[in-house]
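It should be emphasised that the depicted structure is a prediction, and the values quoted were computed from it without experimental measurement. Worth knowing before you read on, the calculation uses all heavy atoms, side chains too, and leaves out hydrogens, waters and symmetry mates.
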Amino acid sequence: MALPTREDARNLLHAHVRDEYQRHHAVMVATALEGYAGRFGEDPLLWHVTGLLHDLDFEEHPDAHPAPSLQWFREWGYPEDLLHAVEAHAYGYHGFQTLPRTRLAAALLACDELCGLFYAYRKMNPVRYGEMKPSSIRKKFKDHGFAAKIDRSTIQRGCDHLGVTLDDHLAHLVGFFAALD
């Protein structure tokens, strides 16, 4: 059950992900998951690394994602919880039908797409993440014309499996993302 250090995970991310937005997205998801690890008394390193590496293969293999990453993670001896979370976050894409059965997997499903909505909101309204109002993010969540490619049903499915309301989830992420400012 090997798990890379934060530094090794970051180096791995930079070796496979060149796009600055995708790198930022990975850091956002890692930050969100680590925040939830703290709330749930879980392993912060496992949750951080899972968030950081969940899209490791996306740039190089967009039509097969996350299958190549899952293969690599197995070969590298990564924990089953990480593998399951990465597989479950792809629910509905490229034939993946695995639903989350752990808090880590549910948190990744709830946070992944929502990080994109936070990022898009910040591009429109240059305010620090920690100063965003959850109610403003909620309005953008309801506006399907805003960041239209973001799958809101996936976010809601993640929240349902995680056992948090969308409003609480938004408030948690605002708090977690304050560390990024």
- Non-hydrogen atoms of Leu53 and Pro4 that approach each other most closely: CD1-CG, 4.4 Å

- Task: Mind jotting down which residue pairs meet the salt bridge (Lys or Arg N to Asp or Glu O under 4.0 Å) criterion with at least one end in residues 91-101? Sequence neighbours excluded, please.
- Result: Glu80-Arg101

- Query: What residue pairs, at least two apart or across chains, pass salt bridge (Lys or Arg N to Asp or Glu O under 4.0 Å) with a residue in residues 13-29?
  - Reply: Glu20-Arg23

- Query: How far apart are the closest heavy atoms of Leu104 and Leu33, and which atoms are they?
  - Reply: CD1-CD1, 4.2 Å

- Task: Tell me, please, which residues at least two apart from Asp143 pass side-chain hydrogen bond (donor to acceptor under 3.5 Å, both in side chains).
- Result: none

- Glu60: what forms a side-chain hydrogen bond (donor to acceptor under 3.5 Å, both in side chains) with it, not counting sequence neighbours? His16

Under 3.5 Å, which donor-acceptor pairs do the side chains of residues 64-73 form with other protein atoms, sequence neighbours left out?
| from | atom 1 | to | atom 2 | distance (Å) |
| --- | --- | --- | --- | --- |
| His65 | ND1 | Asp57 | OD1 | 2.4 |
| His65 | NE2 | Asp55 | OD1 | 3.0 |
| His65 | NE2 | His89 | NE2 | 3.4 |
| Ser69 | OG | Asp57 | N | 3.1 |
| Ser69 | OG | Asp57 | OD1 | 3.4 |
| Ser69 | OG | Asp57 | OD2 | 3.2 |
| Gln71 | NE2 | Glu75 | OE2 | 3.1 |

- Message: Tell me every residue that passes side-chain hydrogen bond (donor to acceptor under 3.5 Å, both in side chains) with Asp43, counting only those two or more places apart in sequence or in another chain.
- Response: none

- Query: Would a 4.5 Å heavy-atom cut-off, applied to side chains only, mark Phe177 and Thr31 as touching?
  - Reply: yes

- Task: State which residues pass side-chain contact (heavy atoms from CB on, under 4.5 Å) with Leu114; sequence neighbours excluded, sorted by chain then number.
- Result: Leu117, Phe118, Phe141, Ile155, His169, Leu170, Leu173

- All heavy atoms of Ala147 vs all of Ala120, minimum pair found to be CB-CB, 4.1 Å

- Can you pull the side chain to side chain donor-acceptor pair (under 3.5 Å) pairs that have at least one residue in residues 150-165, sequence neighbours excluded? Asp151-Ser153, Asp151-Thr154, Gln156-Asp160, Thr165-Asp168

- Which residue pairs pass the side chain to side chain donor-acceptor pair (under 3.5 Å) test when at least one of the two sits in residues 115-137, sequence neighbours left out? His24-Tyr129

- Here the salt bridge (Lys or Arg N to Asp or Glu O under 4.0 Å) pairs for residues 81-93, sequence neighbours left out, are none

- Do Leu52 and Val27 have side chains that get closer than 4.5 Å, going by heavy atoms? yes

- Task: Output the distance between atom CG (Leu166) and atom CZ (Arg138), rounded to the nearest 0.5 Å.
- Result: 4.5 Å

- Item | Nearest atoms (heavy-atom pairs only) where Leu162 meets Ala106 | N-CB, 3.6 Å

- Step-by-step side chain to side chain contact (heavy atoms under 4.5 Å, CB included) determination, Phe176 to Cys111: CA-CA 11 Å; Phe176 300 155; Cys111 294; over 6 Å; no

- side-chain hydrogen bond (donor to acceptor under 3.5 Å, both in side chains) against His94, all qualifying residues, sequence neighbours excluded: none

- Message: Once rounded to the nearest 0.5 Å, what's the spacing between atom CE of Met28 and atom CG of Leu180?
- Response: 6.5 Å

- Message: Could you list the cluster mates of Tyr91? Members are the ILVMFWY residues connected by side-chain heavy atoms closer than 4.5 Å, either directly or through other members.
- Response: Leu99

- Message: With a 4.5 Å cut-off on side-chain heavy atoms, are Tyr36 and Arg103 touching?
- Response: no

